Amino acid sequence: MSEEIVKIKGSKSGLKLDFAQGADFASIERDIRGKLESGSGFFTRGTVIQVSPSALRKGDRDRLKKLFSQHGVLFRTTDPLQELKAREKKQAEKQKAVEKKHEEEVQQMVVVNRTLRGGQEIRTDSSVLICGNVNPGAQIIAGGSIDVRGTCRGVVHAGANGNTQAFIVADKLMPMQIRIANLIARAPDDAAPEESDNAERAMIRDGQIVIESIKR
């Protein structure tokens, strides 16, 4: 009994065609045409046919694609396993990019372990943590938020790149000027410091800068 020229194997992604070793394309095409014209249950309309790219030359693949198309059958030369691996690789790369971005965001904080004296300035696109005071005449301009673990009496500008979600926190918040994004607030000249054990946070709410007492 001679070996079948075209073998049909089922898979989750459709049908895969294998050809007898040494079979010429004329024999393969004739066998497939006979199966298609015989109304074989394998080749119903909308069926996806998979063929390894290395099994046929491009011109032969194009002829089979046209033949299958005439019978409403989809012809593909992509290896399902390779396609799955490609999707998994793309997904892994996407996940890696998300993790890298998150890591960069976590690392984007400038930490200063000293008091900022008058005339000193910090300018950065990230957030800032000051472990000390911000004296009058000192200035902080940050793309993110500003956290002062001490008394803030200088000029502080959070969200300098337009980030309206940025905020400013200090153990004692008594700055010469507060800016968040494009909004500005200034302490009254006759403002007296209030005694409080709580830190304060300045943030944008309803289109204006508000200051509220918080617990760290």
Side-chain angles (χ1 to χ4, degrees), residues 13 78-216:
S13 58
T78 303
D79 188 330
L81 182 58
Q82 292 179 350
E83 187 176 359
L84 176 60
K85 288 181 179 179
R87 286 200 302 267
E88 290 177 344
K89 182 180 179 181
K90 185 176 181 180
Q91 184 63 31
E93 290 175 348
K94 183 178 180 181
Q95 180 63 30
K96 187 176 180 180
V98 170
E99 292 174 355
K100 183 179 180 181
K101 181 178 179 181
H102 176 69
E103 183 180 350
E104 290 175 348
E105 289 175 348
V106 170
Q107 293 176 348
Q108 280 185 353
M109 175 173 284
V110 173
V111 180
V112 179
N113 291 306
R114 59 183 171 82
T115 289
L116 286 186
R117 305 190 182 282
Q120 294 182 321
E121 177 184 288
I122 292 178
R123 187 183 295 266
T124 176
D125 290 332
S126 61
S127 295
V128 176
L129 172 62
I130 304 293
C131 297
N133 299 325
V134 179
N135 289 346
Q139 182 173 244
I140 302 174
I141 301 175
S145 298
I146 299 172
D147 187 347
V148 180
R149 300 301 174 99
T151 300
C152 179
R153 298 178 183 271
V155 175
V156 283
H157 184 182
N161 296 329
N163 181 7
T164 58
Q165 301 302 310
F167 54 84
I168 299 168
V169 177
D171 292 344
K172 291 187 181 299
L173 190 57
M174 298 179 289
M176 298 174 62
Q177 184 187 90
I178 287 178
R179 296 187 64 179
I180 301 178
N182 61 341
L183 297 181
I184 302 175
R186 184 183 179 91
D189 294 334
D190 58 350
E194 295 182 5
E195 294 297 328
S196 173
D197 293 331
N198 293 336
E200 290 182 303
R201 175 174 60 195
M203 58 189 296
I204 294 178
R205 182 184 297 157
D206 297 329
Q208 61 182 355
I209 295 176
V210 297
I211 299 175
E212 59 186 9
S213 176
I214 62 170
K215 289 187 178 181
R216 289 194 185 274

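For the numbers below, each heavy atom of this structure counts, side chains included, while hydrogens, waters and symmetry mates do not. A quick note: this is a predicted structure, and the numbers were derived from the prediction, not measured.
To the nearest 0.5 Å, atom CD of residue Glu200 and atom CD of residue Glu212 are 9.5 Å apart. A distance of 11.5 Å separates CG in Asp125 from CG in Asn163, rounded to the nearest 0.5 Å. Going from atom SG of Cys152 over to atom NZ of Lys172 covers 13.0 Å, rounded to the nearest 0.5 Å. The CG atom of Leu183 sits 5.0 Å away from the CD1 atom of Ile209 when rounded to the nearest 0.5 Å.
When every heavy atom of Gly132 is checked against every heavy atom of Val148, the shortest pair comes out as O-CG1, 3.4 Å. Shortest non-hydrogen contact noted between Thr124 and Ser127 is CG2-O, 4.5 Å. When all heavy atoms are compared, the tightest approach of Ile168 to Ala158 is CG1-CB, 3.6 Å. When every heavy atom of Val156 is checked against every heavy atom of Pro175, the shortest pair comes out as CG2-CB, 4.2 Å. For the pair Met203 and Arg201, the tightest heavy-atom approach, listed with the atom from each and the gap, is SD-NE, 3.8 Å. In plain terms, the two heavy atoms of Asn135 and Gly118 that are nearest each other are CB-N, 4.2 Å.
Side-chain contact between Arg179 and Ile184: present, with at least one pair of heavy atoms (C-beta onward) separated by less than 4.5 Å. In this structure, the side chains of Ile178 and Ile211 come closer than 4.5 Å at one or more pairs of heavy atoms. Contact of the Ile122 side chain with the Ile130 side chain is registered, since non-hydrogen atoms from C-beta on lie closer than 4.5 Å. Looking at Asp171 and Arg216, their side chains come closer than 4.5 Å, going by heavy atoms from C-beta outward.
At distances below 3.5 Å, at least one donor-acceptor pair connects side-chain atoms of His157 with backbone N or O atoms of Ala181. Counting only distance, with no hydrogens or angles, the side chain of Asp147 and the backbone of Leu129 share no donor-acceptor pair below 3.5 Å.
Applying the 6.0 Å contact sphere to CD of Glu121 captures more than 12 heavy atoms from other residues, nucleotides or ligands.
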